[in-house]
Structures are given as structure tokens and as C-alpha cells.
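All remarks here apply to the structure that follows.
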Amino acid sequence: MAISTREHLIDVARQLFSRKGVEATTMGDIANASERGRRTVYTYFRNKKEVYAAVLQSESDTLVRRLEAIVNSDEPVEERLREFLSVRLVQRREQNSAAVSLRALFKPDFRRMSRVRVLVRERAKCMLHGLLAEGIDSGRFEASRCAMLEGFALDCMHAMDIAGADTESGGLALSADSMLDFIISDICRCKE
């Protein structure tokens with residue numbers, strides 16, 4: 001499927017912003033790297049600030065789409081919850097993840113970073129609530145344990161979002177699988 005000119009410009013800008021930094025990248029750089037003229041770039045974006053906003057929106061949409069794909073898969077609810085929490089809590093172990101790209105882009109603009117985090121967090125909160133409700137409704141999860149997990153997981157997601165902007169996650173990924181096993185086994189009625 002061919003991507004639109006606007007999507008191509010956003011992708012090129014993301015690569016340039018990650019490599020050169022937002023401040024060092026010019027609209028001319030975006031035009032040259034995209035093999036489009038400056039007039040074309042200005043047809044889609046009034047200035048670099050608009051390009052930057054579009055890049056951040058695109059990156060956050062990529063992360064949300066990944067979470068939505070997990071939630072909507074045909075896997076058992078326990079597996080979907082585990083994968084959802086893994087992506088949301090320990091995504092920084094993936095070098096090519098949207099979170100890594102966002103972290104590189106966020107450093108120069110903490111105000112915009114905060115807005116994008118809120119957008120992703122609110123959408124993830126709704127998806128997590130839905131997964132837990134599905135598990136409770138199907139009789140697979142303990143309702144009282146899910147209520148505690150939901151608050152805990154949301155706090156952890158918020159903390160990881162903040163920590164992820166400034167730190168690497170080597171240590172976070174080491175115990176992630178054990179942590180997720182513990183969480184899932186705690187809420188499941190279907191103890192093995």
C-alpha cells in the first residue's frame with residue numbers, strides 16, 4: 001500500500017529529528033530527504049512545529065494501535081493482559097519501539113511530551129479496564145484482585161512513562177517476565 005505524501009514527510013521528519021535533533025533539522029532538510037520540494041512540505045505543514053506535532057502524534061498512534069491489536073486479538077484474556085502489560089510497562093527494552101522513538105523526540109519538548117503521554121495513558125487506561133472487565137465477566141479473573149491491579153498498573157504505567165523519558169531500561173526488563181507472571185497468577189481464578 002502506498003503511503004501518502006503527508007505520511008512520507010512525517011516518516012522522513014521522524015528519522016531526521018531522531019538523528020539530527022529537532023532544533024538542527026530544517027524544513028529544507030525535510031524537503032531534501034523526502035525528495036520533495038520545499039513547496040510540497042509547506043503545503044502540508046506551515047512550519048517545523050507542525051511537523052514535530054505530527055511526528056509525535058504518529059508515534060503515539062503507533063503505540064496505541066499496537067495496544068489495540070493486543071486487546072482485539074483472539075488470544076485468551078490472560079495472554080492478552082500479559083502482553084498488554086508487557087508492552088505498556090516494559091516496552092523500552094525494544095530498541096525499535098515507538099516508545100524509544102518518542103523518548104528521542106521528547107527530550108527537547110517536555111510540555112508536548114506530557115500531552116502525548118496523557119493521550120496514550122488515557123487510551124491505555126480504557127483498554128486495560130476493558131481487558132480486566134472481560135476477564136471478570138468470563139469468570140477467569142477475581143474482581144477484587146483486578147480492582148487492586150488496575151490502580152497499581154496505572155500508577156506503574158505513569159511512573160514508567162516518566163522514567164522512560166530519561167533512563168534506559170536494561171534493569172527494568174530483567175525482572176519483567178517474573179513480575180508479569182506474578183500479576184497474572186494473582187488475579188486468575190484458573191490457578192494452575
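Note that the structure is predicted; figures quoted are calculated from it, not measured.
Between R6 and F45 there is a side-chain heavy-atom pair separated by less than 4.5 Å. In this structure, L128 and L81 have side chains that are in contact, with non-hydrogen atoms separated by less than 4.5 Å. A heavy-atom distance below 4.5 Å is not found between the side chains of I187 and E142. Within the 4.5 Å cutoff, the side chain of L149 has no heavy atoms near those of the R145 side chain. The closest side-chain heavy-atom distance from F152 to I183 is below 4.5 Å. At least one side-chain heavy atom of E83 sits under 4.5 Å from a side-chain heavy atom of R66. Between T25 and V51 the shortest side-chain heavy-atom distance does not fall below 4.5 Å. Looking at R140 and E78, their side chains come closer than 4.5 Å, going by heavy atoms from C-beta outward.
Here CG of L63 is found 11.5 Å from OG of S58. Values are rounded to the nearest 0.5 Å. Taking CG of L9 as the reference point, atom OH of Y42 lies at 12.0 Å (rounded to 0.5 Å). If you take CG on D11 and CZ on R14, they are separated by 4.5 Å, rounding to the nearest 0.5 Å. D61 contributes atom CG, which lies 9.0 Å from atom CD of E68 (distance to the nearest 0.5 angstrom). Rounded to the nearest 0.5 angstrom, R65 CZ and R123 CZ are separated by 9.0 Å. Taken to the nearest 0.5 Å, the CG atom of L180 stands 12.0 Å off from the CZ atom of F84.
Note: the hydrophobic cluster containing L131 does not contain M148 (ILVMFWY, side chain heavy atoms under 4.5 Å, direct or indirect links).
Residues Y52 and F17 come closest through the heavy atom pair CA-CE1, 3.7 Å. Across all non-hydrogen atoms, the minimal contact from A54 to I10 is CB-CD1, 3.8 Å. Considering every non-hydrogen atom in both E50 and Y44, the closest pair reads OE1-O, 4.3 Å. Of all the heavy atoms in L67 and A124, the pair that sits closest is CD1-CB, 4.1 Å. Contact record, S138 with G135: OG-O, 3.0 Å, taken as the closest heavy-atom pair.
E79 places no side-chain N or O within 3.5 Å of a backbone atom of P76 that could act as its donor or acceptor partner. Looking at S34, its side chain does come within 3.5 Å of a backbone N or O of A31 through a donor-acceptor pair.
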Determine whether M127 and V64 satisfy the following criterion, side-chain contact (heavy atoms from CB on, under 4.5 Å), listing intermediate values before the conclusion.
CA-CA 10 Å; M127 287 185 264; V64 169; 4.0 Å; yes
Please determine whether salt bridge (charged side-chain N to carboxylate O under 4.0 Å, His left out) holds for the pair E150 and K125, giving the CA-CA distance in whole Å, both sets of side-chain angles, and the decisive distance to 0.1 Å.
CA-CA 9 Å; E150 188 167 9; K125 179 180 175 181; over 6 Å; no
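For T26 and D29, the side-chain atoms include at least one donor-acceptor pair closer than 3.5 Å.
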